[in-house]
Amino acid sequence: MAAALSAAAGRRSMAALSGGAPMDTPQKNNVTVIPTGAALGADVVGVDLSKPLSDETFRQIEDAWHSHLVLRFRGQQLDDPALLAFGQRFGELDSAPIHAGKDVVNPFPQITVMSNIKVVGKPLGNLGHYEAVWHTDMSYNDLAPIGSLLYSLEVPPAGGNTGFSNMYKAWDTLPAALKKQVLGRYCRHDSSRNSAGELRKGGTEVTDPRDAPGAMHPLVRTHPVTGKKALYVDQIYAVGIEGLKDEEARPLIDYLARHITREEFACRLRWTPGTLVMWDNRICVHKAFNDYDGHTREMIRTIVNGEVPA
Ligand code: OGA
Ligand code: MN
């Protein structure tokens, strides 16, 4: 079994070997940003993320991120350190991600393996049928992550896409009466459930969701850079609203949780191996499409630590 596990772990370091580039000269800036044409998302071409980025290139990427919320970089060759080096430019990385693959030694605590691979019946990473409803990562933390970076090592021949939805648009299109109802209200983000909606080990069932453990965040938050308002709600963690009885809060959350999934706010990204997708976790929700039974999907993820939503 140890051999099988290390063979599986070795797949990640094989991807690592091909990255090698001189680490001292920043590359020439040839960045082009191609919007998806949908409500959010853009491809960024002309940049090799395994090499150091000049401040100018980095600023261009950061500006594109703030404009398009989700960026996709295809044809990259990143190993764990290269993913972390790029992620770190956006802020401090979270070093306590969830590790389903507990038998696998992970030398990089800021990396989470997202995979449906099982080795001798044990999951090598997270995901599987997790992350399959619209959510924003770790919103149950007081300092909710500002961004997530997900890099694909192996993807199924078809399916396994990721959907994203633009929460500026969700806020902008909310009927005026509802805007009035939610503005200034705080919502509980339940930390007792995982992203599949299942109670975590040691979590306790509560009768009133306002009593659930986890952070309270404003239902409408303002992006610190763009200054624009966005709805901040999802389909897993958002469970109760301060100042409202459960009977009043539940239909409101249900309405909002449906509203955020409208097709016109969304894009759906397809992966090829060596694709990095990074999203603004403050302003979009996302969802995995688990429609690739019988095929392998393996990714690594790192999370940029958060700020208190305002
Ligand atoms: C995640 C996530 C979606 C996917 O990494 O947080 O939700 O398609 N991933 O893998
Ligand atoms: Mn997620």
Side-chain angles (χ1 to χ4, degrees), residues 12 36 40-41 69-74 78 80 83-84 86-87 90 93-101 106 108 110-117 123-141 144-167 189-191 193-198 200 214 232-238 257 260-261 266-293 295-306:
R12 278 167 67 204
T36 59
L40 74 171
L69 316 183
V70 180
L71 298 180
R72 178 173 61 179
F73 303 80
R74 305 186 98 144
L78 302 181
D80 293 2
L83 176 64
L84 297 179
F86 178 56
F90 295 89
L93 301 178
D94 189 66
S95 55
I98 318 117
H99 290 293
N106 185 353
F108 299 103
Q110 303 92 342
I111 294 267
T112 297
V113 179
M114 310 295 281
S115 169
N116 65 339
I117 300 177
L124 180 64
N126 294 281
L127 206 67
H129 291 280
Y130 289 6
E131 310 278 343
V133 289
W134 293 97
H135 67 282
T136 168
D137 292 327
M138 299 163 133
S139 61
Y140 45 79
N141 287 343
I146 68 168
S148 305
L149 290 85
L150 187 62
Y151 176 72
S152 56
L153 299 171
E154 185 171 351
V155 299
N161 298 340
T162 307
F164 295 92
S165 186
N166 181 333
M167 296 297 96
H189 291 249
D190 183 356
S191 61
R193 292 183 184 275
N194 66 23
S195 50
E198 299 158 346
R200 295 181 202 273
Y232 192 56
V233 70
D234 76 344
Q235 298 187 326
I236 310 170
Y237 305 122
I260 60 175
T261 69
C267 74
R268 198 191 269 215
L269 294 187
R270 167 136 190 78
W271 298 84
T272 43
T275 299
L276 175 78
V277 175
M278 60 176 298
W279 58 90
D280 191 324
N281 209 52
R282 301 166 284 201
I283 306 297
C284 41
V285 288
H286 61 279
K287 153 191 171 131
F289 286 85
N290 285 322
D291 51 0
Y292 49 91
D293 246 17
H295 296 282
T296 299
R297 188 176 189 266
E298 188 181 14
M299 314 225 165
I300 50 175
R301 185 184 82 174
T302 192
I303 290 228
V304 186
N305 258 342

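We number each residue from 1, following the sequence as shown. Read the numbers this way: they start at 1 and go in the same order the structure lists the ligands and their atoms. The figures here come from the full heavy-atom set of this structure, side chains too, leaving out hydrogens, waters and symmetry mates.
Judged purely by atom type and a 3.5 angstrom limit, Arg297 uses its side chain to pair as donor or acceptor with the backbone of Gly160. Checking side-chain atoms of Thr302 against main-chain N and O of Gln110 turns up a donor-acceptor pair under 3.5 Å. Side-chain atoms of Glu154 never come within 3.5 Å of backbone atoms of Glu298 as a donor-acceptor pair (strictly under, hydrogens ignored). Proximity of a side-chain donor or acceptor of Ser152 to a complementary backbone N or O of Thr272 within less than 3.5 Å is detected. Here the side chain of Thr36 pairs a donor or acceptor atom with the backbone of Gly41 at under 3.5 angstrom.
When each atom of ligand 1 is checked for a heavy atom of Arg301 under 4.0 Å away, the hits are 1 (C), 5 (O), 6 (O). Ligand-side atoms of ligand 1 in range of Met114: 1 (C), 5 (O), range being under 4.0 angstrom from any heavy atom. Residue Thr162 approaches ligand 1 through these ligand atoms, each under 4.0 Å from one of its heavy atoms: 3 (C), 4 (C), 8 (O). Counting atoms of ligand 1 from 1 in the listed order, those under 4.0 Å from a heavy atom of Asp137 are 6 (O).
Atom OD1 is the N/O/S atom of Asp137 found closest to the Mn ion (ligand 2). Within His135, the N/O/S atom positioned nearest the Mn ion (ligand 2) carries the name NE2.
Asn116 and His295 share no donor-acceptor pair across their side chains, judged by distance under 3.5 Å alone.
Between His286 and ligand 1 there is a heavy-atom distance shorter than 4.0 Å.
Nearest residue to atom 4 (C) of ligand 1 from His135, Met138, Arg297 is Arg297 (criterion: closest heavy atom).
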